[in-house]
Amino acid sequence: MSAATGLAGLRRYTPFAVGSLQTMLRYRSTFVVNAVTATTAVSLQVFLWRAVYNGDSGSGPGGFDRAGITTYVLLAQVLGLLHANRVDEEVSGEIQRGDIAVSLIRPVSYPLTRFCAGVPVSLVNVALVGGPVVLLYAGLLPLQRPGVGGVLLFTASSLLAMVIAFEVNLLVGLAGFATTNIWGIRIVKDCVVALLAGQVVPISLMPGPLAGAARLLPFAGLVDSPLRLLLGEYRGAGAAAGILAGQAAWTGAMTLLTALAWRRAVRRVEVLGG
Amino acid sequence: MIVAEDLVKEFTVHDRRPGLAGSLSTLFSRRHRVVRAVSGVSFAIPEGTKVAYIGSNGAGKSTTIKMLTGIMRPTSGTCRVAGLDPHRERGRNAANIGVVFGQRSQLWWDLPVLDSFRILRRIYEIPDPVYHRNMATYEELLDLGALGTTPVRQLSLGQRMRAEVAASLLHDPAVVFLDEPTIGLDLVLKEAVRELVNRASQQLGTTVMLTSHDIGDITAICDQVLVVDHGTVVHQGTMQELLRSADTRAVLFDHSGAVPPERAIALIEAGLDAVRATAAEGGRIKVEYPAGRWTAQQVMSFLLEHFELTDCFAPEPDLESVLRRIYASPSGSPDELQGSTA
C-alpha cells in the first residue's frame, strides 16, 4: 500500500472522530461530572502528598521536592483523563447488546474506528477538564517549572501513552466476547493500571524490585514515563531516549496483541437471536 | 449473486439446569450442547432477484443472513456474495452490501439522521452524484429532511426505520439484506419503504434478500421465495409456485335456490368426501377441498348440479396457510413439497 492510498484510507476514519466529538459535546453534564471528579481526585492526592513531603525543603523520598510531587500528582490525574477514552465500556457494551453486528457490516477496520472515536474523547477531556484544573492549581500552589525539552518529551510520551491506554482498554472491551462480567474486569484493570502506572503512588517511591517490575510492564508507559521525562527524572539523553523507546516498543507490541485478539474475537462472534 | 453451499452454523450453548439447586450445580459442572441453527442450506440467487427468505421463528433466517453479511463464520460449508467470501473478505464484501436489521440501529444514536448519512458518505466513499441522487429520492419518498436535527435516539420507531432503510441503500449496494425492515411501521410508511427498495432494484438492478413476517412486504417486494424450515431450504421458486403447492383449494359461491345454508353444507360434505363446507359472510358458502383428492372440475360440476349459482369465485391460496402447513409438517415432508413444485 503506497502512502497516498494509505492516507486516502485513513480519511474514511475521520468521520468517526468527528461523530464521536459531536456525540460527546451533546452531553455537557459529562464534562461537569468529569471536572468535579478530577478536581476532587487532584485535591485529595495533592494535599495528601504535600502532607507527606511537609518539611522536606530539599529533595525528599524518590527525589521529589514539594513542588515536584505536587506537579507529579496533578499531572498524573490529567494523564488519567487522557486515558479515560471509555473504549472498554463502549466495546464491551456493543458486544453484549449485539450491536457489534452493525460494526461488522461496515467496510472499515473496527479497532481503527474505535481508536478514531476514542482520541477526541481523550483530547477534549484533557483540554476542557484537565486544562482548567492545571491552571487552577498553578495559581494555588507552587509547581515545578519544566524546561522546553521536558515539555516536548512529555508531549511525545503522552501521545504514546494515549495509544497504550487505548489498546489496554480495547483488550478489556474485547474480553466481552469471553465473559459477561466485564464490569469486574474493568474494576481490576482500573486498579492494576492506577497502581502499576504510577498514578496513585509514583513508581519511584515503590520498593526496588516492585519498581523494577512495574517499569518492565506496559502500564508504566501510561503515567510514569511521561512524567519522568517532564520532570527530568533520568540521567542523560540516552536514558530519556530509552524511556521513549520502551514506550514505543510496548505500543508496537500492544498493537500486535490487540490485532491478534480482534482477529480471534471476530472468528467467534455469535449473535444469537435477533 | 448470492450462493450458499451446504451452509452450516452450530452454536455451543451452556446448559443451565432449572431451580436453585440446578444453578448451584452449574457452578461446578457445565454441560455443553451444540445447537444447529442452520443445517446444510444450499441455494443460488441470481443477480437482480428480489427474494423473500421466509421461515418460522428460529428457522435460521437471521443466522444465515449474518453469515452472508460476514458477521458470523459458517461452521462448515461456503457462501459467496458477489463472488466474495463474506467472512474472510469482510471489508470488501461490506462495500458491496447494504443491511437493515429491524431490531438494531446502524445510525449514530446521538446524532441527527443527516449527520449519520454524512458519516456513511465518507465511510463508503460515495461519489457526489450518487449521494445527491439518493438524497433527492429520500427527500421525495421519506421526507427525511423533516427529521431536522433531532438525534436518532429521540425519533419514533417509524422515523428511525425509514432512515435505517435509506442508510442501507445510500451507497448503491449490489445486494441489500433486509431483516424485518418494516417492523413497527404503519401502512403508509411500509408502503414508502417498499417503494424505496423497489425503486433501487428497478433502477440499479439491486439484488434483494428480505426476511419478514409481513406477508405484505413479501408480496410487494419479492418475485422469488426461499422457504427455510428446521435449517434447510424446503422451497425455492416463484411466489406462484409456492402458492400452487397449497394442498387445499377453496371456492366461494352464492346461490338463489331455497336451500338453507345448513342443508347446503350437509349436502356438499356428504356428496364430496374430505371436503369442508362452511357458511361465509353474506350468505355465501365456502367449500375447501384437498387438491390431490378432487379436481376443480369435479367440485364445480357437483356444485353446478346441485345449486343455482349466482356468483362464484376461487381465491388464491393464501401464503400464510401455505406456510403454516410447511412449518407444521414433520421434517419428512420437504421432498414431497419439492416434488409438487418442480
Side-chain angles (χ1 to χ4, degrees), chain A residues 1 5 7-30 86 90 93-113 116-117 120-121 177-180 262-274, chain B residues 9-13 35 37 57-58 62-63 65-73 75 86-112 115-125 149 151 153 164 167-168 171 173 177 179-180:
Chain A
M1 191 164 65
T5 58
L7 267 181
L10 271 185
R11 219 172 292 145
R12 295 174 139 184
Y13 293 89
T14 49
F16 288 96
V18 178
S20 143
L21 191 62
Q22 271 179 287
T23 301
M24 199 183 173
L25 296 175
R26 281 189 167 255
Y27 295 100
R28 278 184 306 178
S29 56
T30 319
R86 310 223 334 250
E90 281 172 7
E94 234 180 70
I95 294 166
Q96 271 172 26
R97 287 190 304 272
D99 288 344
I100 191 85
V102 172
S103 300
L104 287 173
I105 56 165
R106 300 232 162 93
V108 284
S109 147
Y110 181 70
L112 214 49
T113 59
C116 291
V121 175
F177 279 112
T179 171
T180 45
W262 170 245
R263 280 179 70 129
R264 279 197 64 96
V266 166
R267 287 163 69 105
R268 45 178 299 176
V269 172
E270 289 188 357
V271 189
L272 277 167
Chain B
K9 182 70 192 177
E10 288 172 345
F11 297 107
T12 315
V13 290
V35 174
N57 286 329
S62 287
T63 306
I65 296 246
K66 282 184 185 114
M67 288 191 279
L68 294 175
T69 49
I71 295 167
M72 287 201 272
R73 194 170 63 132
T75 307
H87 192 265
R88 219 168 279 159
E89 298 161 281
R90 191 166 48 80
R92 286 173 62 202
N93 183 55
N96 285 338
I97 64 171
V99 188
V100 174
F101 294 115
Q103 350 209 357
R104 287 189 203 299
S105 180
Q106 54 179 318
L107 302 168
W108 277 255
W109 206 235
D110 293 307
L111 300 183
D115 282 345
S116 283
F117 281 34
R118 271 181 219 122
I119 296 179
L120 291 171
R121 178 189 189 175
R122 295 291 291 279
I123 297 177
Y124 288 95
E125 296 176 328
T149 56
R153 72 190 140 80
E164 297 277 356
S168 76
H171 56 290
F177 296 93
D179 196 355
E180 302 281 354

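Only a predicted model underlies this, so the values are computations on that prediction, with no experimental measurement involved. Chain letters run A, B, ... following the sequence lines, proteins first and then strands; every chain starts at 1.
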inquiry  = Give me the atom names and distance for the closest heavy-atom approach of P15(A) to I119(B).
reply    = CB-CG2, 3.7 Å
Pairs satisfying salt bridge (charged side-chain N to carboxylate O under 4.0 Å, His left out), at least one member in residues 90-99 of chain B, at least two apart = E89(B)-R92(B)
key: Proximity breakdown for Y13(A) and chain B, heavy-atom pairs closer than 4.5 Å   = neither
query = Atom CZ of R12(A) and atom CD of E125(B): how far apart are they, to the nearest 0.5 Å?
reply = 4.0 Å
remark   = In short, A95(B) meets P107(A) closest at the heavy-atom pair N-CB, 3.9 Å
request  = Before giving the answer on side chain to side chain contact (heavy atoms under 4.5 Å, CB included), spell out for I123(B) and F16(A) the whole-Å C-alpha distance, their side-chain angles and the decisive distance to 0.1 Å.
outcome  = CA-CA 9 Å; I123(B) 297 177; F16(A) 288 96; 3.3 Å; yes
query = Can you name the side chain to side chain donor-acceptor pair (under 3.5 Å) partners of R106(A), sequence neighbours left out?
reply = none
ask   = Which atom names give the shortest non-hydrogen contact between H87(B) and V266(A), and what distance separates them?
value = NE2-O, 3.5 Å
query = For the side chain of R104(B) and the backbone of R97(A), is there at least one donor-acceptor N/O pair under 3.5 Å apart?
reply = yes
Contacting region of R26(A) [heavy-atom separation from chain B under 4.5 Å] = side chain
request  = For residues I105(A) and A94(B), report the shortest heavy-atom separation together with the two atoms involved.
outcome  = O-CB, 3.4 Å
query = So what's closer than 4.5 Å to chain A heavy atoms on S116(B): side chain, backbone, both or neither?
reply = neither
message = Given heavy-atom pairs under 4.5 angstrom as the criterion, report whether the side chain, backbone, both or neither of I65(B) touches chain A.
response = neither
Region of S109(A) that comes under 4.5 Å of a non-hydrogen atom in chain B = neither
task = Side chain from CB out, backbone as N, CA, C, O: work out which of these in R153(B) comes under 4.5 Å of a heavy atom of chain A, or both, or neither.
result = side chain
message = Looking at chain A, which one of T69(B), N96(B), D115(B) has the largest number of heavy-atom pairs inside 4.5 Å, strictly under?
response = D115(B)
